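Following: one structure in structure tokens, then a few remarks.
Just so you know, these numbers come straight off a predicted model, no measurement behind them. These values consider heavy atoms only, across backbone and side chains, with no hydrogens, waters or symmetry-generated copies.
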Protein chains: 2
Amino acid sequence: MAEVKSPVNLLFLRDDDLRQGIELLFFAYRDFTAKADETLLQYGFGRAHHRVIYFVGRNPGMTVSELLDILKITKQSLSRVLGQLVRQGFIVQRPGSTDRRQRLLSLTDRGAELERKLTEEQRALVAKAYRSAGAEAVEGFRKVLLGLINETDRERFTPRTQR
Amino acid sequence: MAEVKSPVNLLFLRDDDLRQGIELLFFAYRDFTAKADETLLQYGFGRAHHRVIYFVGRNPGMTVSELLDILKITKQSLSRVLGQLVRQGFIVQRPGSTDRRQRLLSLTDRGAELERKLTEEQRALVAKAYRSAGAEAVEGFRKVLLGLINETDRERFTPRTQR
DNA sequence: ATTTTATGTCAGCACTGTTGACTTATTTTT
DNA sequence: AAAAATAAGTCAACAGTGCTGACATAAAAT
């Protein structure tokens, strides 16, 4: 099925093209989260816990505010899951060195282990999709998703400029 | 767009590449749903209502079972939102002609109007992302997302073979 | 006539989001 | 030094959306 004729010709976007994109996002996200959700159940956790564990693992020593900015939820919502994770020994908090009001977050060994387990499943799925689609497609995937993300958060993905 | 040339065909996928993909999906989906969620609030509805309205609009006359298959939720969960939408006149049910146990679903005018309003926001966002990324990128986006979707649902996206 | 299927309903529970009100440390500003 | 702002947390109540389990009804299939 000759792909050279690229179905979407820049300026001519039919309703069906856009709806297909919408549906792809729905189905892909649904399946992307399905497996980790199962694993989380075994720990009595939900998707919110995964997000916290993921981003803390990714940014050790981050503050609660930074985490709130990423998740875009209220501190009361975060407090619930974060509290559980701290009490159950998946995350530790230590006061900031310059600003002692801050509670810098990082994973414990146990937290890191769970993070690995959860993310492993998603990494494998993404790896499979990347491989079957090819390097060029991955580049396109990145470009389009980036375009869906609000300008502020988009810069999280800019190459090497430290934030 | 010669796909054979993919620079590294057996992609060398570093942990960071995969994590970037994971994060792109998270942020993109978060922002992709944000606007419609706001609109839904004005109607006292949630994201689940949107999904129902969307898929019923897309497949007029579909059965409840088909809808359940797509959403992958229980009938009790669906029942709640579907019931609300029916009682409030966004969706109508009529018995199937060959199998009168079925309740075929379709949008009322009011439902179609809401569907348009909601999906319009997402269509606009996808259109923007598509345009800024370019036709080739869109093709890649499709390929990768398709690879994330389970095999069974993947065929919803195969070109013209009716299912 | 019996069983299966399509659909719905009631009840209760869990997770995750919200708002609002208030507290405690600490830092910043005046 | 006093006042104000900030980082973080807490309690309470509520809403939306999943889930399981149990049961009901009508129609179709066997």
As an exercise, state the distance from NE2 of A:H50 to CG of A:D37, rounded to the nearest 0.5 Å.
9.0 Å
B:S79 vs C:dT9: side-chain N/O to OP1/OP2 distance below 4.0 Å:
yes
For a quick check of understanding: with a heavy-atom distance under 4.0 Å over all strands, which category does A:G44 fall into, base, sugar-phosphate or nothing?
sugar-phosphate
note: A:R47, atom CZ; C:dG17, atom P; distance rounded to Å ~ 10 Å
A:V52 reachable from A:M62 in the ILVMFWY side-chain graph, under 4.5 Å edges
yes
Starting at atom CZ of B:R94, determine the distance to atom C1' of C:dA6, rounded to an integer number of angstrom.
16 Å
Between B:L71 and B:L68, is there a shared hydrophobic cluster once you connect ILVMFWY residues whose side-chain heavy atoms come closer than 4.5 Å?
yes
Under a 3.5 Å cutoff, is there a donor and acceptor pairing between the side chains of A:Q88 and A:R110?
no
Check against salt bridge (charged side-chain N to carboxylate O under 4.0 Å, His left out), A:R123 and A:E120
CA-CA 5 Å; A:R123 266 204 314 261; A:E120 173 53 37; 2.6 Å; yes
Look at the side chain of B:R103 and the base of C:dG8, then say whether one donor and one acceptor between them are separated by less than 3.5 Å.
no
With a 4.0 Å cut-off on heavy atoms, is B:R80 in touch with a base, just the backbone sugar-phosphate, or nothing at all?
base
Rounded distance (Å) that lies between atom P of D:dT6 and atom CG of A:D69
14 Å
Should B:S77 be listed as having a side-chain N or O under 4.0 Å from OP1 or OP2 of D:dT17?
no
Check every atom of D:dA8, D:dG18, C:dT16 against the side chain of A:V64 and return the nucleotide holding the closest atom.
D:dA8
When the distance from NE2 of A:H50 to P of C:dC15 is rounded to whole Å, what number comes out?
17 Å
CG of B:L78 versus P of C:dA6: gap in Å, rounded?
15 Å
Checking all strands, does A:S65 fall into the base, sugar-phosphate, or nothing category for heavy-atom contacts under 4.0 angstrom?
sugar-phosphate
Once each nucleotide of nucleotides 21-30 of chain C is scored for protein heavy atoms under 4.0 Å, what B/S/- sequence comes out, 5' to 3'?
B---BBS---
Rounded to the nearest Å, what distance is computed from the CD atom of residue B:Q93 to the C1' atom of nucleotide C:dT7?
9 Å
So B:Y29 and B:F32, would you call those rings parallel, tilted or perpendicular, with 30° and 60° as cut-offs?
tilted
Identify whether any heavy atom of B:Q84 sits under 4.0 Å from a base atom; if not, whether one sits that close to sugar-phosphate; answer base, sugar-phosphate or nothing.
nothing
Walk me through whether B:Y54 and A:F26 qualify under ring pair (Phe, Tyr, Trp, His ring centres under 6.0 Å).
CA-CA 11 Å; B:Y54 179 86; A:F26 166 71; 8.3 Å; no
In this structure, which one of A:D16, A:D17, A:D15 forms a salt bridge (Lys or Arg N to Asp or Glu O under 4.0 Å) with A:R19?
A:D15
At 4.0 Å (heavy atoms only), tell me whether B:E66 reaches a base, stays on the sugar-phosphate, or touches nothing.
nothing
Between D:dG18 and B:R51, is there an OP1 or OP2 to side-chain N/O distance shorter than 4.0 Å?
yes
From NE2 of A:H49 across to C1' of C:dT16 the rounded distance in Å is 9 Å
Value in whole Å for how far the P atom of C:dG17 lies from CG of A:L68
11 Å
